[in-house]
Peer 1: 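Right, I'll just put the structure down here and ask away after.
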Amino acid sequence: LGDSPATVLSPAASHPMASGFHFPLLSPAKIAEELVQFDVAPFANLRAEHIASPQPDLLPGVLGRFFDYFVDAPGDGEGGQLGFSELEVLDNPEHHAEAIRLLRLYNKSQIFLESIHYKDLTLADFTHPTPRRVVEVLSALINFLLYRHDKTELLQSIVSESSDYHERDLELKARIAQIQKEIADHELAEQMEEPMAQQLEADVNALQQKVQVYNKQHLALRAKAAAISDTKEEIHRKITQADFELTKHAQENSKLRSKLVKSPEKVQRALEEKKSARAKLKESEKIATQNAQEKTTTMEIRNKALEKLVKQHSKIQDVHEQLAAAKTVEKEVKTRKAKLNDESVSVMSFEAQIVEWKGKVHEMEERLKVKVKERNQIIANENQKLGALSSETEVKLQCLEPREKKVEAMIAKASKLCSEAASARTSATAQQQKIHAKFNNIVKAFNTYMDSVDPFLERIEEVGRQLAGERASAPDPSAAVATKATPRSSATSKKSRARRRT
């Protein structure tokens with residue numbers, strides 16, 4: 001109790017206990033306020049007057065509520081049943097139930113107050129309480145409650161930290177489980193899509209090979225088309241040359257016709273020249289027809305080649321579309337791999353946070369272990385003290401057994417005296433009411449008498465005043481007597497007025 005901030009007092013302002021400890025003697029108003037605040041008041045409207053003039057049920061009520069709320073565990077309260085030893089001693093136990101309950105509460109209160117180093121509690125404090133003893137017992141009890149409240153306030157921060165840690169740990173575990181589930185789902189989706197990706201990669205590789213083959217074929221066809229175009233140009237050039245020569249020969253033929261003469265030799269010579277020119281023309285025509293046939297064959301070959309090129313071009317476009325689809329698939333695979341990498345980074349960060357929180361948990365556990373060791377040490381010391389006190393109390397109880405029997409007999413007598421006192425109290429209250437009624441009747445009669453006497457006294461005052469005014473010029477002994485009588489009559493009138501007001 002000496003460690004609490006509320007109990008650090010000077011010796012002059014404290015009350016010494018048997019063990020040398022000190023506790024403050026509080027005022028009755030402060031005691032009533034603290035009892036209501038800690039919810040151990042025996043009734044709701046507890047005031048300082050109830051502690052200044054205590055009743056026998058005050059201390060038992062406060063201590064009973066204190067044991068119910070702060071000491072006893074739920075279900076450990078008194079059952080109200082008597083043991084076999086008590087039933088053997090008592091002839092009619094039902095008549096002594098209240099006394100036995102009070103005695104049990106006294107024993108429990110004495111043990112508890114001795115544990116907080118207050119050893120002056122007696123049974124008379126329950127049966128015949130005095131204001132000084134009630135203030136001492138309740139001051140010691142309130143001092144213990146304040147000490148307990150301060151210690152629980154100190155421990156509340158550690159308890160709140162541990163509760164926040166557990167909640168944060170549960171949240172992190174739930175988050176880790178969720179992320180692990182998402183990772184497992186992604187891995188499962190990746191495993192399920194892996195054959196498709198491999199098939200797509202194989203298809204892409206095959207298409208790339210086909211594209212390379214088609215490119216080679218396209219280059220070869222382009223070379224062939226260039227060669228065909230060259231031959232076509234050569235044939236066209238030859239045809240134009242033959243046409244030019246044909247026109248030239250026609251011109252020469254016309255010239256020869258113009259120069260034609262009638263001599264047979266010249267005619268024969270001209271015919272032979274014409275035959276030779278015709279033969280040459282036929283040969284040139286044959287050559288021209290051959291060239292035209294070759295040109296048509298080359299044109300057909302070119303058309304066929306163009307059709308093949310168009311087909312190859314459509315196939316190449318299809319391959320390009322497949323390549324574009326494969327590239328989009330590759331992009332999706334890359335994005336998913338990037339997402340998986342990002343998620344792996346977030347998982348690593350969460351793992352780092354988990355390691356950090358585990359370190360904090362380990363630190364808090366070490367702190368808790370230190371606190372537990374300190375608490376165990378304090379409990380061991382307190383248990384040693386309690387063992388010593390229990391041995392002392394056992395010795396004292398063995399010495400107090402004969403006294404308890406005497407006390408039980410005295411309690412029985414006290415209960416009888418209490419019943420007699422209650423009956424006497426009821427009779428006294430009845431007599432008091434009768435006396436009060438008689439007093440009220442006497443006061444009413446006196447008031448009616450004073451009401452009838454007041455006018456007479458007022459007349460006497462007026463006569464005295466007149467006599468005093470007449471004899472003011474000639475004073476004599478009789479006037480002195482009259483002047484002495486008038487103040488007395490005024491005093492009596494004032495008294496009668498005051499009595500009338502009351």
Side-chain angles (χ1 to χ4, degrees), residues 25-33 35-36 41-65 92 94-103 105-106 122-138 407-461 464 485-502:
L25 285 177
L26 304 175
S27 62
K30 183 68 175 175
I31 290 170
E33 182 182 356
L35 290 176
V36 172
F43 41 87
N45 54 353
L46 183 67
R47 296 192 301 275
E49 292 81 6
H50 298 110
I51 297 168
S53 59
Q55 296 297 321
D57 59 346
L58 179 63
L59 276 179
V62 172
L63 290 169
R65 289 177 68 87
N92 197 353
E94 295 179 355
H95 293 172
H96 303 282
E98 186 65 24
I100 291 168
R101 187 192 66 79
L102 189 65
L103 186 61
L105 182 61
Y106 165 71
T122 60
L123 192 61
D125 294 332
F126 282 12
T127 56
H128 298 87
T130 59
R132 183 180 65 82
R133 297 288 296 167
V134 168
V135 168
E136 289 179 1
V137 174
L138 293 180
V407 167
E408 288 176 357
M410 291 176 69
I411 287 169
K413 289 181 182 179
S415 61
K416 189 185 290 184
L417 290 172
C418 287
S419 62
E420 291 176 358
S423 62
R425 189 179 297 159
T426 53
S427 62
T429 52
Q431 289 179 2
Q432 188 178 3
Q433 289 176 357
K434 290 179 182 180
I435 291 167
H436 187 68
K438 289 180 181 180
F439 176 75
N440 289 329
N441 294 328
I442 291 167
V443 168
K444 287 179 181 178
F446 180 74
N447 288 329
T448 53
Y449 173 73
M450 290 306 296
D451 291 336
S452 62
V453 169
D454 281 339
F456 180 71
L457 292 175
E458 289 176 356
R459 289 178 184 176
I460 291 172
E461 286 179 0
T486 55
R488 185 175 180 181
S489 63
S490 65
T492 55
S493 66
K494 288 179 181 178
K495 287 181 181 179
S496 65
R497 291 171 185 170
R499 286 171 183 169
R500 180 180 292 178
R501 289 194 190 96
T502 58

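Positions are given from 1, in the same order as the sequence printed here.
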Peer 1: Is there a side-chain contact between Pro131 and Pro54, using heavy atoms and a 4.5 Å cut-off?
Peer 2: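 A side-chain contact exists here, since the closest heavy-atom pair is under 4.5 Å.
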Peer 1: Side-chain atoms of residues 430-439: list all donor-acceptor pairs with protein atoms under 3.5 Å, sequence neighbours left out, distances to 0.1 Å.
Peer 2:
from   : atom 1 : to     : atom 2 : distance (Å)
His436 : NE2    : Asn440 : ND2    : 3.4

Peer 1: For Arg65, give me all partners under side chain to side chain donor-acceptor pair (under 3.5 Å), at least two apart in sequence or on another chain.
Peer 2: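 By the side chain to side chain donor-acceptor pair (under 3.5 Å) rule, Arg65 matches Asp39, Tyr69.
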Peer 1: Under the rule for side chain to side chain contact (heavy atoms under 4.5 Å, CB included), what residues qualify as partners of Ala29, not counting sequence neighbours?
Peer 2: Ser27, Ala48
Peer 1: Who are the side chain to side chain contact (heavy atoms under 4.5 Å, CB included) partners of Leu26, not counting sequence neighbours?
Peer 2: Pro24, Lys30, Ile31, Ser139, Ile142
Peer 1: At what distance, to the nearest 0.5 angstrom, does SG of Cys418 lie from NZ of Lys416?
Peer 2: 12.5 Å
Peer 1: Only counting residues at least two apart or in another chain, list the ones meeting side chain to side chain contact (heavy atoms under 4.5 Å, CB included) with Asn45.
Peer 2: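 Asn45 satisfies side chain to side chain contact (heavy atoms under 4.5 Å, CB included) with Phe43, Arg47 only.
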Peer 1: Do Arg132 and Glu136 sit within salt-bridge range, that is, some charged N less than 4.0 Å from a carboxylate O?
Peer 2: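 Answer for the salt bridge query: yes.
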Peer 1: Looking only at heavy atoms, what is the nearest atom pair of Leu105 and Phe126, with distance?
Peer 2: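 Heavy atoms only, the tightest pair is C-CE2, 4.2 Å.
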Peer 1: Quick one: side chain to side chain contact (heavy atoms under 4.5 Å, CB included) partners of Thr122, sequence neighbours excluded?
Peer 2: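 Thr122 satisfies side chain to side chain contact (heavy atoms under 4.5 Å, CB included) with Ala124, Asp125, Arg133 once adjacent residues are dropped.
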Peer 1: Could you grab the distance from atom CG of Leu58 to atom CG of Leu63, nearest 0.5 Å is fine?
Peer 2: 9.0 Å
Peer 1: Taking the side chain as every heavy atom from C-beta outward, state whether Thr127 and Pro56 have any atom pair closer than 4.5 Å.
Peer 2: no
Peer 1: Search all heavy atoms of Leu123 against all heavy atoms of Tyr106 and return the closest pair with its distance.
Peer 2: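 Nearest pair, atom of Leu123 first, then Tyr106: N-CE1, 3.5 Å.
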